[in-house]
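These notes concern the structure reproduced below.
Everything quoted here is computed from the prediction, not taken from an experiment. Below, each value reflects all heavy atoms present in this structure, side chains not excepted, and no hydrogens, waters or symmetry copies. All residue numbers refer to positions in the sequence shown, counting from 1. Whatever order the structure lists ligands and atoms in, that order sets their numbers, starting from 1.
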Amino acid sequence: MKVEVITLFPEFVEQVTRFGMPRIAVEQGQLALSTRNPRDYSTNKWRRVDARPYGGGPGMVMEAEPLAAAIDAARASLGAAKVVYLSPQGSRFDQRWAERLSAEPGLILLCGRYEGLDERVLEAEVDFELSLGDFVLSGGELAAMVVVDAIARLLPGVLGDEQSAVNDSFSAGLLDHPHYTRPEVWRDAVVPDVLLSGDHAKIARWRRQQALGQTWLKRPELLDGLELDEDSRALLRDFIAQQR
Ligand code: 4HQ
């Protein structure tokens, strides 16, 4: 997959491929990340890309023309690509979005600074407006880097253990089960017996029950969106009974 990030801080965004899964995805040839700076498409001698908002008020707005020129150049280099703008006004980015975007051949991620983009660029060029959550960042770069990270680990062949993405938190719309490693006793706290039993079917069942139970405890609203089968409902019922 090819990703172009349009940003006033290209050196910042490029850091995302220096570590972890995005780095591996690049090394394996599954991900190609490039950046494009709207300043390089500014037509004034100061390389200015922002201006004061019509109607007045504080802050600056990113001008349409250099952004549109940068998007055109990115499209020319990628071929088919969806354009994503990161902003608090967007739909909430989640694992389903990560899965959907990871299946695209190309993506153009638009990063805004200041008060954001001229609205006409959104209308003319943006396919999806996505938000990481209800908070305000100083620019879209960190959000774009989060999107790149979440996508990179889903690309075919990137996760060492092919099963890992399937077993992940959210792959079934549930939270992850708890994890334990050595030592067997730490500050008097022990590892659940079942995990030491060597009975793999029993362990898988315990983990599924824990995923259901932890979701019920920590994020109950996630269960509302799920159609649980009878066996899962029984596992969750037993988990809840044990909590009392
Ligand atoms: N910003 N999720 C404002 C965000 C943001 C978010 C990016 C700050 C866009 C103009 N992006 N600029 N939350 O707060 O994605």
Side-chain angles (χ1 to χ4, degrees), residues 1-17 19-22 31 33-42 46-75 81-104 106-154 169-170 219 221-222:
M1 155 176 242
K2 290 185 179 176
V3 179
E4 282 227 14
V5 183
I6 296 178
T7 170
L8 294 173
F9 298 100
E11 308 90 332
F12 179 30
V13 172
E14 281 153 16
Q15 299 307 310
V16 73
T17 58
F19 306 97
M21 289 295 182
L31 174 67
L33 183 98
S34 51
T35 53
R36 211 173 272 278
N37 192 336
R39 276 196 206 290
D40 295 337
Y41 299 85
S42 168
W46 307 277
R47 291 171 37 97
R48 206 182 28 74
V49 294
D50 60 330
R52 289 156 62 194
Y54 281 122
M60 300 293 272
V61 176
M62 290 179 80
E63 292 174 327
E65 201 43 51
L67 283 170
I71 294 168
D72 280 352
R75 281 192 204 281
K82 297 288 188 203
V83 178
V84 175
Y85 176 51
L86 288 314
S87 104
Q89 283 76 43
S91 308
R92 178 68 66 91
F93 178 73
D94 60 12
Q95 193 62 22
R96 296 220 332 248
W97 271 106
E99 282 162 13
R100 165 156 193 210
L101 295 180
S102 72
E104 295 287 338
L107 281 183
I108 298 168
L109 304 180
L110 260 184
C111 302
R113 283 269 151 179
Y114 322 116
E115 306 307 310
L117 318 186
D118 187 304
E119 189 68 17
R120 293 166 293 184
V121 177
L122 260 92
E123 289 163 2
E125 303 282 1
V126 172
D127 295 297
F128 308 124
E129 186 174 14
L130 299 179
S131 169
L132 289 197
D134 295 339
F135 45 81
V136 184
L137 299 169
S138 53
E141 284 77 10
L142 280 171
M145 291 160 84
V146 166
V147 169
V148 168
D149 187 286
I151 287 172
R153 55 186 298 288
L154 296 178
S169 193
F170 295 120
R219 297 286 306 280
E221 77 282 9
L222 293 179

Is E141 salt-bridged to R113, cutoff N-O under 4.0 Å?
yes
With a 4.0 Å cut-off, would you call D94 and R96 a salt bridge?
no
Check the pair V147, F93 against side chain to side chain contact (heavy atoms under 4.5 Å, CB included), reporting the backbone distance first and the verdict last.
CA-CA 8 Å; V147 169; F93 178 73; 4.0 Å; yes
At their closest point, which heavy atom of Y85 faces which heavy atom of G116, and how far apart are they?
OH-CA, 3.6 Å
Answer yes or no: is there a donor N or O on one side and an acceptor on the other, between the side chain of S102 and the main chain of E99, under 3.5 Å?
yes
N/O contact list for ligand 1, threshold under 3.5 Å:
residue, atom, partner, partner atom, Å
ligand 1, 2 (N), L132, N, 2.9
ligand 1, 13 (N), G133, O, 3.2
ligand 1, 13 (N), F135, O, 2.9
ligand 1, 14 (O), F135, O, 3.4
ligand 1, 14 (O), L137, N, 2.8

Mind listing the side-chain donor-acceptor pairs of residues 52-64 below 3.5 Å, one per line with the distance, residues two or more places apart or on another chain?
residue, atom, partner, partner atom, Å
E63, OE2, R48, NH1, 3.2

